[in-house]
Q: 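The structure that follows is given in the form of structure tokens.
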Amino acid sequence: MSEIVDVSAKVDTQEDLYTKDGTVDYKNNPANKKTTGTWKACPFILGNECCERLAYYGMSTNLLLYFKNNLHQHSATASKNLSNWSGTCYITPLLGAFVADSYLGRYWTIAIFSSIYVLGMTLLTISASVPGLKPTCISKENCHATSTDVAVTYLALYLVALGTGGIKPCVSSYGADQFDDADVVETKHKSSFFTWFYLSINVGALIASTVLVWIQDNVGWGWGFGIPAVTMVLAVVSFFSGTRLYRNQKPGGSPLTRIFQVIVASWRKRTLRVPGDKSVLYETTDIKSAIVGSRKLDHTKDLSFLDKAAMELQSDHVKGSANPWRLCTVTQVEELKSIIKLLPIWATGIIFSAVYNQMSNLFVLQGSFMDIKINNFVIPPASLSVFDTLSVIFWCLVYERVLVPVARKYTGHKSGITLLQRMGIGLVISIFAMLAAGILEVIRLGIVKRNNYYDLEHMPMSIFWQVPQYFLIGCAEVFTMVGQIEFFYDQAPDSMRSLCSALALTTNSLGNYLSSLLVTIVMGITTKGGKPGWIPDNLNRGQLQNFFWLLTVLSVLNLGAFLLVAKWYTYKKTVGTLP
């Protein structure tokens with residue numbers, strides 16, 4: 001009897017050596033829990049993210065003024081071009097995520113797209129430093145750019161947009177993959193990972209918005225773009241350095257194919273009635289899911305018309321095998337349900353992103369008309385985003401070390417508050433950020449009007465009055481954006497996590513496009529009859545505060561919509577183990 005107990009104990013010990021979420025090591029063997037993953041692997045991923053974000057923000061934070069001064073674009077045009085490029089940077093992750101989830105896996109997707117990113121950064125550096133390709137400047141704000149100069153610049157920027165498309169949706173998910181979903185202890189650490197992940201983003205952004213912005217304004221754009229290119233190379237080196245320690249999820253095949261199979265199968269059976277007994281719906285008999293890289297999902301009552309795809313008929317089988325375009329498993333149906341249920345939450349992130357993106361857009365433009373000097377030291381307007389970064393770092397630490405432990409005592413929730421509650425708090429704070437920006441502009445224009453400062457390049461009001469709006473945006477980020485990253489990873493089907501992370505990122509893209517569209521509409525309406533409009537080249541003659549009021553109203557309406565869909569949302573439940 002004792003021998004049987006000893007053998008059983010050895011089997012349990014052997015099972016405990018490996019992860020139960022289906023991850024493998026770099027040799028494609030089951031991942032050993034003691035030698036791979038967790039916080040052993042995360043420093044390399046966080047280091048990669050820190051350097052990559054330093055490169056991205058080092059290039060993009062001051063890009064509006066590069067468009068305006070060096071490419072000689074009007075304020076509204078520069079703002080729209082920046083919004084369009086930034087938007088593209090958050091659309092391309094859909095491509096990268098599809099490739100990662102379907103074919104390459106997250107590791108190789110990050111590796112390949114990083115190479116494209118480095119190529120784009122190198123070309124951008126060349127376009128700003130090589131005679132014949134860089135704009136010809138008489139003075140700092142008086143430059144002429146040929147069509148070739150502009151074309152090379154945009155080619156480089158959109159190569160970067162393509163490169164970042166393979167990194168953005170995969171890095172956060174890849175970091176979370178290092179923690180076993182089936183291990184209670186590791187799952188608790190996974191929630192903390194997302195906060196530290198966002199913290200690493202902002203450490204990179206902190207350096208970018210201070211040191212690199214100053215270099216771009218005072219040394220030159222060649223160095224200003226060259227240093228981010230070098231840090232991107234360091235990001236790649238950091239990522240590859242942790243290869244032996246990583247846990248990798250196997251790609252599960254095309255998620256889009258599985259989605260369309262459910263739609264087609266349910267449509268073919270649209271005349272059938274869904275059975276009251278859900279246990280008769282089709283599912284694999286063993287404890288493992290038929291989908292590689294995914295656990296089984298519990299059946300839910302929502303969107304029951306899709307359950308028809310899992311109703312088994314004699315005609316669904318061909319030579320003993322189920323035709324996937326006629327019969328789908330419950331897990332496959334629940335995958336589609338999960339995506340559909342995420343969409344309303346996703347949609348409410350668009351307005352928030354439009355607000356967030358003003359930090360690198362109209363906040364910079366607003367600051368450029370204020371007093372940017374301390375004694376003889378000139379403060380680059382874009383460098384004020386450092387206060388957003390400091391706010392994020394501060395609130396990340398406060399949230400993780402203070403708010404979560406305190407809230408956990410009262411709620412009993414492992415994260416203190418739910419992810420939806422966290423996101424909702426951020427939406428409320430973002431409203432106050434827009435109010436702060438609008439109030440500041442009202443006060444600024446009041447001073448301009450009283451003292452006839454209309455044609456003054458920098459009116460005598462310190463740029464540091466912008467600090468509150470940056471600080472509030474940073475606080476809102478920690479609640480909404482970090483919550484959103486974790487929410488879309490946590491609620492995504494296992495084999496669609498990159499895709500859902502990309503879906504979350506598209507809110508930033510659509511926020512940029514929405515901002516660009518609003519600027520176009522507003523300028524089209526407010527410039528009629530020869531008026532300067534809300535956002536003219538000379539903001540002293542504009543009404544920028546009205547644009548901030550518009551975003552405030554949209555944010556309030558968006559918050560109301562979020563509260564409605566959050567009340568309706570039900571969290572997913574998994575069963576079984578990964579194959």
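Numbering of residues begins at 1 and proceeds along the displayed sequence.
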Q: Can you tell me if Q469 and Q366 form a side-chain donor-acceptor pair at under 3.5 Å?
A: yes
Q: Is the closest side-chain donor-acceptor distance between Y513 and T88 under 3.5 Å?
A: yes
Q: What are the two closest non-hydrogen atoms of S172 and F193, and how far apart are they?
A: O-CE2, 3.5 Å
Q: With no hydrogens and no angle check, just 3.5 Å: does a side-chain donor-acceptor pair link Y66 and Q216?
A: no
Q: Please confirm whether R106 makes a cation-pi placement over Y246, using NZ or CZ under 6.0 Å from the six-membered ring centre and within 45° of the ring normal.
A: no
Q: Check for a donor-acceptor pair, side chain of Q358 on one end and backbone N or O of A354 on the other, with a separation under 3.5 Å.
A: yes
Q: Within the distance-only criterion (no hydrogens, no angle test), does the side chain of S368 pair as donor or acceptor with the backbone N or O of P381 below 3.5 angstrom?
A: no
Q: Regarding Y489 and R497, is there a side-chain donor-to-acceptor distance under 3.5 Å anywhere?
A: yes
Q: Taking all heavy atoms of N48 and all of V236, pick out the closest pair and write down the distance.
A: ND2-N, 4.2 Å
Q: Okay, side chain of D101, backbone of L499: is any donor-acceptor separation there less than 3.5 Å?
A: yes
Q: Examine distances only and state if a side-chain atom of N558 and a backbone atom of I351 form a donor-acceptor pair shorter than 3.5 Å.
A: no
Q: Is there a salt bridge (Lys or Arg N to Asp or Glu O under 4.0 Å) between R541 and D455? Walk through the geometry before answering.
A: CA-CA 9 Å; R541 298 184 181 276; D455 296 317; 3.1 Å; yes
Q: Would you check if there is a donor-acceptor pair between the side chains of S173 and S498 at a distance under 3.5 Å?
A: no
Q: Could you tell me whether the side chains of R53 and N202 share a donor-acceptor contact shorter than 3.5 Å?
A: no
Q: Would a distance-only check, ignoring hydrogens and angles, find a side-chain to backbone donor-acceptor pair under 3.5 Å from S238 to L234?
A: no
Q: Hey, are Q543 and T526 close enough side-chain-wise for a donor-acceptor pair under 3.5 Å?
A: no
Q: Can T243 and Y107 be counted as having a side-chain donor-acceptor contact under 3.5 angstrom?
A: yes
Q: Please name the pair of heavy atoms, one in T164 and one in A161, separated by the smallest distance, quoted to 0.1 Å.
A: CG2-O, 3.2 Å
Q: What heavy-atom pair brings S115 and A111 nearest, and what distance separates the two atoms?
A: OG-O, 3.3 Å
Q: Side-chain donor-acceptor pair under 3.5 Å between W346 and T506, yes or no?
A: yes
Q: Are F479 and Y399 an aromatic pair, judged by ring center distance below 6.0 Å?
A: yes
Q: State, to 0.1 Å, how close G222 and T125 come at their nearest heavy-atom pair, and which atoms those are.
A: O-CG2, 3.7 Å
Q: Among side-chain atoms of E477 and Y198, is any donor-acceptor pair under 3.5 angstrom?
A: yes
Q: Validate the cation-pi geometry between K168 and Y56: distance from NZ or CZ to the six-membered ring centre under 6.0 Å, angle to the ring axis within 45°.
A: yes
Q: Is there a donor in the side chain of N248 and an acceptor in the side chain of D177, or the other way round, less than 3.5 Å apart?
A: no
Q: Between the side chain of N538 and the main-chain N/O of N540, is any donor-acceptor distance below 3.5 Å?
A: yes
Q: Donor-acceptor pair, distance only, cut-off 3.5 Å: does the side chain of S391 make one with the backbone of F471?
A: yes
Q: Look only at the side chain of Q466 and the backbone of L384, and say whether a donor-acceptor pair between them is shorter than 3.5 Å.
A: no
Q: Once the angle between the rings of F225 and W221 is folded into 0 to 90°, is it parallel (under 30°), tilted (30 to 60°) or perpendicular (over 60°)?
A: tilted
Q: For W549 versus M434, what's the shortest heavy-atom pair and its separation?
A: CZ3-O, 4.5 Å
